[in-house]
Amino acid sequence: MHFVTEAEVLKCLDMPRLIDAMAQTLMDVSAGRVIQPPRAVHEVPQGGAASGLLFVKPVITQHAIVTKLITQMPANAARGLPTMLATLIVMNRETGALEGVIEATALTNLRTAAVSAVAVRALTANRPITVALIGSGALARTHARALRAVRNVGEVRVWSPNAARARACADEIAGIGTTSAEAAVREADVVVTATLSAAPVVHGAWLKQGALVCAVGAPRPTWRELDDAAMHAGVVIGDTYHSARTEAGDVLLSGAKVVAEIGEVLSGAYAVPENTTVIFKALGLAAEDAAAAKFVLEAMAG
């Protein structure tokens with residue numbers, strides 16, 4: 001049995017291979033080749049501070065039984081800790097024996113960005129693009145890396161409510177900080193929203209026709225990052241129908257229709273019309289974590 005630290009995970013995961021693995025996993029999910037029960041979400045009372053959340057996400061793949069435990073603790077930002085921390089428990093598919101425990105915060109950030117890169121590769125033309133990152137945390141950094149692995153990325157604009165953090169993030173990823181979310185989004189080809197916002201931070205009026213929005217934050221039914229105009233600006237694609245229709249506040253609160261899963265786009269079962277604005281709402285799938293865990297444990301085994 002392996003216990004894998006964050007540092008070891010970072011040594012094991014190669015971004016181009018991870019992107020390809022996420023593409024195959026998303027097609028497997030849409031084709032019904034994995035068993036993925038709905039995730040459970042529980043509040044964790046924090047006394048006078050805002051409540052935290054515990055997510056429990058199980059999946060059975062062709063290779064393993066995996067359970068992911070995630071905590072989101074808003075007060076961690078003031079403690080100098082990640083607001084999201086994750087652990088994977090991996091068991092043998094045939095015997096149920098424990099094969100690994102993986103510190104999975106870095107893994108989550110990398111595979112989330114890899115999934116967005118899959119969407120960018122499938123839904124944008126292969127030409128130079130301008131990217132807007134709304135949010136300046138770990139996901140903004142991994143998205144800059146992942147999108148550069150699939151496209152020639154010109155300008156990367158970064159905005160978050162904390163101007164100092166936005167500038168620090170922009171400096172780290174060779175991007176530029178902007179004074180407003182609107183300034184970041186206007187004329188951007190790809191917009192990534194990676195926040196814990198409960199209210200819209202991106203408005204449809206700012207979106208370029210034909211833009212792709214990868215909305216990876218706001219993972220609760222009452223939270224949202226995009227206003228109604230943005231959600232109705234084009235077509236909405238989810239990582240799964242179930243997660244988008246039951247857990248995504250962006251979808252639920254706007255009444256937007258989810259037309260396809262990203263796995264259906266990748267397999268050719270659904271074709272997005274040309275020059276159409278696309279909203280890709282990703283809640284994150286345990287199957288994605290299981291695929292990344294397979295890479296990590298194979299690397300650890302030598």
Side-chain angles (χ1 to χ4, degrees), residues 1-26 28-29 34 36 39 53-73 76-77 79-93 97-118 133 135-150 169 172-173 192 194 196 214 216-217 219 239 282-302:
M1 193 280 289
H2 296 280
F3 176 77
V4 188
T5 67
E6 296 280 17
E8 290 168 325
V9 166
L10 290 171
K11 293 177 182 178
C12 294
L13 290 180
D14 171 76
M15 183 58 79
R17 290 184 66 212
L18 184 61
I19 291 168
D20 289 339
M22 292 302 104
Q24 183 60 56
T25 298
L26 291 162
D28 288 343
V29 168
V34 299
Q36 187 167 255
R39 66 183 178 181
L53 293 171
L54 168 66
F55 298 80
V56 183
K57 302 170 67 173
V59 65
I60 302 171
T61 72
Q62 297 174 0
H63 308 286
I65 304 166
V66 179
T67 301
K68 185 177 187 181
L69 305 174
I70 311 166
T71 57
Q72 281 192 343
M73 302 298 186
N76 275 6
R79 301 180 180 119
L81 295 171
T83 56
M84 186 202 77
L85 294 165
T87 303
L88 289 178
I89 299 170
V90 183
M91 297 180 289
N92 184 279
R93 165 71 187 253
L98 183 64
E99 292 189 337
V101 176
I102 303 173
E103 289 186 332
T105 302
L107 180 149
T108 300
N109 294 333
L110 289 167
R111 67 86 166 137
T112 300
V115 169
S116 294
V118 169
L133 299 176
S136 58
L139 283 174
R141 290 162 169 81
T142 56
H143 272 80
R145 175 182 170 187
L147 299 192
R148 284 173 171 143
V150 296
C169 177
E172 187 174 328
I173 64 172
V192 177
L196 293 178
C214 296
V216 302
D239 46 14
L283 276 297
L285 305 178
E288 299 161 1
D289 300 303
K294 182 174 181 290
F295 271 135
V296 170
L297 292 179
E298 287 176 349
M300 295 297 294

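By convention here, the first residue in the shown sequence is residue 1.
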remark   = Heavy-atom closest pair (Ile173 atom, Arg148 atom, distance to 0.1 Å) is O-NH1, 2.7 Å
key: Smallest separation among heavy atoms of Met1 and Val101, with atom names   = SD-N, 3.9 Å
inquiry  = Could you check whether any side-chain N or O of Asp239 sits under 3.5 Å from a backbone N or O of Leu283, counting only pairs where one atom can act as donor and the other as acceptor?
reply    = yes
ask   = If we only count heavy atoms from C-beta on, is the Ile102 to Leu297 side-chain gap below 4.5 Å?
value = yes
note = Minimal heavy-atom distance between Glu103 and Val9, with the atoms involved, is O-CG2, 3.5 Å
key: Distance in Å, Met15 CE paired with Leu147 CG, rounded so as to fall on 0.5 Å steps   = 9.0 Å
request  = Just do the side chain to side chain donor-acceptor pair (under 3.5 Å) check on Asp28 and Gln24 with the steps written out, would you?
outcome  = CA-CA 6 Å; Asp28 288 343; Gln24 183 60 56; 3.0 Å; yes
Donor-acceptor pair between Thr61 and Lys294 side chains, under 3.5 angstrom = no
note = The reported gap from CD in Glu298 to NE2 in His63 (rounded to nearest 0.5 angstrom) is 8.0 Å
request  = Kindly give the heavy-atom pair with the smallest separation between Leu133 and His143, and that separation in Å.
outcome  = CD2-CB, 4.1 Å
ask   = Could you state the interatomic distance from CD1 (Ile65) to CD1 (Ile60), rounded to the nearest 0.5 Å?
value = 5.5 Å
request  = Report yes or no: does Lys68 contribute a side-chain atom to a donor-acceptor pair with the main-chain N or O of Ala104 at less than 3.5 Å?
outcome  = no
query = Is there a side-chain contact between Arg145 and Leu110 (heavy atoms, below 4.5 Å)?
reply = yes
query = Backbone N or O of Met73 within a donor-acceptor pair of the Thr83 side chain at under 3.5 Å?
reply = no
request  = With rounding to the nearest 0.5 Å, note down the distance linking CD in Gln72 to CG in Leu53.
outcome  = 6.0 Å
query = Nearest heavy-atom pair of Leu107 and Glu6: which atoms, and what distance?
reply = N-OE1, 4.3 Å
inquiry  = Taking the side chain as everything from C-beta on, heavy atoms only, tell me whether Thr142 gets closer than 4.5 Å to Thr112.
reply    = no
ask   = If you look at every heavy atom in Val118 and Ile19, which pair is closest and at what distance?
value = CG2-O, 3.3 Å
query = Are Pro219 and Met84 close enough that some pair of their side-chain heavy atoms sits under 4.5 Å apart?
reply = no
ask   = Okay, side chain of Glu288, backbone of Val115: is any donor-acceptor separation there less than 3.5 Å?
value = no
message = My understanding is that only one of Asn76, Ile70, Leu69 makes a side-chain contact (heavy atoms from CB on, under 4.5 Å) with Leu85; could you say which?
response = Asn76
ask   = Nearest 0.5 Å, what's the CG-OG1 distance between Asp289 and Thr87?
value = 11.0 Å
